Amino acid sequence: MHWLLTDLLQFLAVALGLFLLAALLAPFESLGWWAGWGARWPAPVSLPAPTEPPPDAAAASCYLVFLSGVGITDVSPLTPKEQHFLDLLEAQLPGAQIVRDIFPYSAVNNPLTGRRPMRGFWVLVKRAIRHRSTRNLFQLATMRNVLQVAVSADRRYGPVLNFGVARGILLGLLRCGYRPDRQAPLFLIGLSGSGQIAVGSGAFLHRLLGAPVRVISIGGVLTSDPSILEIAHVYHLAGGLDRTQHIGQWLYPGCWPIARGSAWNRALALGRRTVIPVGPMRHMRHGDYFTRSLRLENGLTYAEQTAAVVAAVIADVLAREGAADARQPA
Amino acid sequence: MLASLLEFALRLWTTAGAALGLSPDMVAQTTAYRAGDLVIVTIAVLAGGSQLAGQSVILFVNRVRPGRFGFSLLLSGVVFALGLALWALMAWLCAVLIFGIHPSLLTAMRIAGLSSAPLLLGFLIFIPYLGAPIDWALRSWGGLIALAAVRVSFGLEIGPALACAAIGWLLVQALTRLLGRPLAALRDRLWRVATGAAFDADEQELIDQATAALRARLADWEGDSPAARR
């Protein structure tokens with residue numbers, strides 16, 4: 001029995017050591033990029049030369065930027081579930097342009113399988129995730145990306161990572177034909193941990209574009225990041241069986257009711273967050289927000305229900321903005 | 001030479017361990033080794049460097065180059081050790097003038113140096129989310145070490161020992177405020193020497209400047225875009 005306890009303690013010590021090492025390294029990519037260490041990435045305030053926008057871009061009624069959940073290694077392609085969800089959304093919002101190629105857990109939009117020292121390791125993990133027997137290795141990517149969510153929510157590092165992600169989103173929008181002077185409505189859709197990153201980077205997008213930015217959080221983990229006060233509105237889709245969505249509000253004292261003056265509680269007092277119950281969804285795996293094989297009583301699959309609610313939120317905002325524009329004198 | 005270095009490293013390890021474990025004879029242990037004071041100075045310098053490593057976001061946002069980064073850590077360690085010596089002097093004065101005891105000033109300095117041992121782990125402050133609680137825990141740990149050592153070495157009870165450490169700290173703060181302007185000038189000068197950049201500690205200001213610069217680039221970009229040219 002004693003040897004078992006010793007082995008267990010040794011295992012826990014090694015696991016704790018590895019976690020601390022990973023946590024220590026987590027802010028380095030963002031800070032190194034900002035400081036200009038290594039010439040691999042473009043400078044923070046640079047923009048590429050203008051290019052010809054896609055032909056259908058001019059007619060876009062709004063722009064949606066999808067920020068994937070923490071279990072991903074890259075976004076090309078997105079997981080089949082996520083692609084299916086976005087296809088459903090696209091069908092319901094034919095005038096919308098969807099930006100799908102943002103990896104939100106990197107200040108330079110660099111996926112885990114992109115140019116980085118551990119690329120080989122993450123390529124192996126990506127391959128392993130495809131096999132049933134080794135599928136759980138996606139937890140490695142989850143752990144790495146969760147640490148980036150902590151970086152985004154940290155007052156010291158958050159501004160740098162969020163600025164970088166906002167720059168990446170801005171480039172994605174420009175590639176899709178977004179014209180800053182037209183100020184088409186902009187929605188950031190954050191799944192899971194990217195809910196926090198959507199809020200953090202959304203504030204910078206608002207400052208860069210001068211346009212209102214709305215966040216649609218799908219089971220998103222939100223924290224007491226002061227950026228929330230610069231977001232026009234946060235629509236939070238809440239699954240009935242999703243406990244993970246509350247983690248940020250448990251871990252960050254600024255979200256506790258006792259912190260009355262915190263950004264989070266001020267945003268709530270201003271009515272900047274709407275919680276929308278969507279059904280008995282879990283946070284991840286079978287039964288999550290994008291599940292295609294389970295149906296609700298209304299006959300919709302979980303993915304269809306989530307897409308319908310997101311589309312309804314966007315249509316409602318567009319209708320209200322259209323009405324407001326119509327009321328304005330020419 | 002190598003044997004001496006290894007012995008020094010071993011002494012460093014055991015001295016830091018004794019301090020971290022609040023060993024009652026931690027000060028006596030260091031005097032038993034002929035380079036014991038050098039061990040304590042090394043601990044203080046490493047602790048100061050490690051602490052700055054934990055708070056190094058300020059170096060990154062100021063775009064300090066890697067070479068300067070290392071130099072900044074070293075210089076920070078030296079300045080931190082000098083600050084500890086000043087604190088020791090004030091605590092010693094407090095013991096002499098208020099409590100009427102006459103401990104050795106060198107002992108007070110040894111105690112101050114040993115109390116910095118937890119900050120050898122100061123680099124852990126760099127960890128996102130946990131940085132602030134780790135910082136608080138390490139400082140509290142250092143305070144406990146100072147209390148334990150003052151109690152044993154000065155022969156004081158907990159209350160007077162706490163008063164010595166606290167009044168010494170308050171005197172250092174008062175002195176820093178009193179000499180605010182020249183100290184700020186010295187700090188700026190040291191910062192420039194170490195980092196090669198102007199002292200610009202406000203991270204928010206730097207981020208705001210970058211945001212404004214990117215917004216200006218975006219306006220130029222729009223003017224140059226094919227859609228605008230049409």
Side-chain angles (χ1 to χ4, degrees), chain A residues 19-28 30-38 43-53 57-58 147-164 166-167 170 174 177 179-182 203-210 223 251-252, chain B residues 50 52-70 72 121-135 195-197 200-230:
Chain A
F19 174 77
L20 285 179
L21 183 66
L24 270 173
L25 295 176
F28 265 107
S30 303
L31 296 179
W33 163 70
W34 180 272
W37 288 18
V45 295
S46 64
L47 285 176
T51 52
E52 195 70 40
L147 287 172
Q148 293 303 311
V149 176
V151 169
S152 168
D154 192 300
R155 299 274 174 100
R156 299 169 294 171
Y157 317 123
V160 174
L161 173 63
N162 296 332
F163 177 90
R167 180 181 173 276
L170 175 66
L174 295 175
R179 292 275 304 275
D181 58 331
R182 293 196 183 150
F204 280 104
L205 275 177
H206 169 64
R207 288 181 218 166
L208 288 169
L209 300 171
T223 71
L251 288 180
Y252 286 83
Chain B
S50 179
L52 181 63
Q55 298 164 344
S56 58
V57 62
I58 196 62
L59 299 176
F60 281 106
V61 293
N62 277 284
R63 300 197 167 101
V64 172
R65 309 304 304 170
R68 294 271 187 177
F69 192 96
S72 304
L121 302 173
F123 65 91
L124 293 176
I125 298 169
F126 195 70
I127 292 177
Y129 181 73
L130 296 174
I134 288 173
D135 189 15
T195 64
D200 201 351
D202 191 343
E203 180 187 358
Q204 189 58 49
E205 198 177 305
L206 290 166
I207 299 276
D208 288 346
Q209 283 171 11
T211 309
L214 187 56
R215 197 167 56 220
R217 288 272 165 88
L218 185 62
D220 294 343
W221 190 96
E222 251 188 302
D224 293 343
S225 69
R229 283 200 296 270
R230 281 196 294 271

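So you know, we letter chains A, B, ... as the sequences are listed, proteins then strands, and number each from 1. Fair warning: this is a prediction, and the values are worked out from it, not measured in the lab.
- The backbone N or O of V45(A) sits less than 3.5 Å from a side-chain atom of R217(B), completing a donor-acceptor pair.
- Counting heavy-atom pairs closer than 4.5 Å to chain B, the top-ranked of the candidates A153(A), P27(A), G36(A) is P27(A).
- Of the possible polar contacts, one joining the D154(A) side chain to the R156(A) backbone as a donor-acceptor pair under 3.5 Å is found.
- For the options S30(A), A26(A), P180(A), heavy-atom pairs under 4.5 Å to chain B are most numerous at P180(A).
- For a residue to count as touching a neighbouring chain, one of its non-hydrogen atoms must lie under 4.5 Å from one of that chain's; by this rule A150(A) touches chain B with backbone and side chain alike.
- The aromatic rings of F163(A) and W34(A) sit perpendicular, their planes meeting at an angle over 60°, well past the 30° parallel limit.
- Contacts between F69(B) and chain A at a heavy-atom distance below 4.5 Å involve the side chain alone, from C-beta outward.
- Partners of S72(B) according to the side chain to side chain donor-acceptor pair (under 3.5 Å) rule, which considers only residues two or more places apart in sequence or in another chain, do not exist here.
- Each of P48(A), A166(A), G210(A), G158(A) has some count of heavy-atom pairs under 4.5 Å with chain B, and the biggest count is that of P48(A).
- Put simply, of V57(B), I127(B), L130(B), the one with the most heavy-atom pairs under 4.5 Å next to chain A is I127(B).
- Looking at A49(A), the atoms closer than 4.5 Å to chain B (heavy atoms on both sides) all sit in the backbone: N, CA, C or O.
- Heavy-atom pairs under 4.5 Å with chain A were tallied for G54(B), A213(B), A210(B), A132(B); the largest tally goes to A210(B).
- With T223(A) contributing its side chain and Y252(A) its backbone, the two residues share no donor-acceptor pair below 3.5 Å.
- Note that CG of L52(B) is 14.0 Å distant from CZ of F123(B), once rounded to the nearest 0.5 Å.
- In this structure, the portions of L20(A) lying under 4.5 Å from any heavy atom of chain B include both its backbone and its side chain.
- In this structure, chain A has heavy atoms under 4.5 Å from both the backbone and the side chain of L124(B).
- Here the side chains of L218(B) and L174(A) are in contact, with some heavy-atom distance below 4.5 Å.
- The candidate from L170(A), D181(A), L25(A) with the greatest count of non-hydrogen atom pairs under 4.5 Å with chain B is D181(A).
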Worked verdict on F28(A) versus Y157(A) for ring-ring contact (aromatic ring centres under 6.0 Å, His included): CA-CA 10 Å; F28(A) 265 107; Y157(A) 317 123; 9.2 Å; no

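- Options L251(A), V160(A), L147(A) differ in how many heavy-atom pairs under 4.5 Å they form with chain B, and the most are formed by L251(A).
- In this structure R68(B) satisfies the side chain to side chain donor-acceptor pair (under 3.5 Å) test with no other residue, sequence neighbours excluded.
- Both the backbone and the side chain of I125(B) have a heavy atom closer than 4.5 Å to some heavy atom of chain A.
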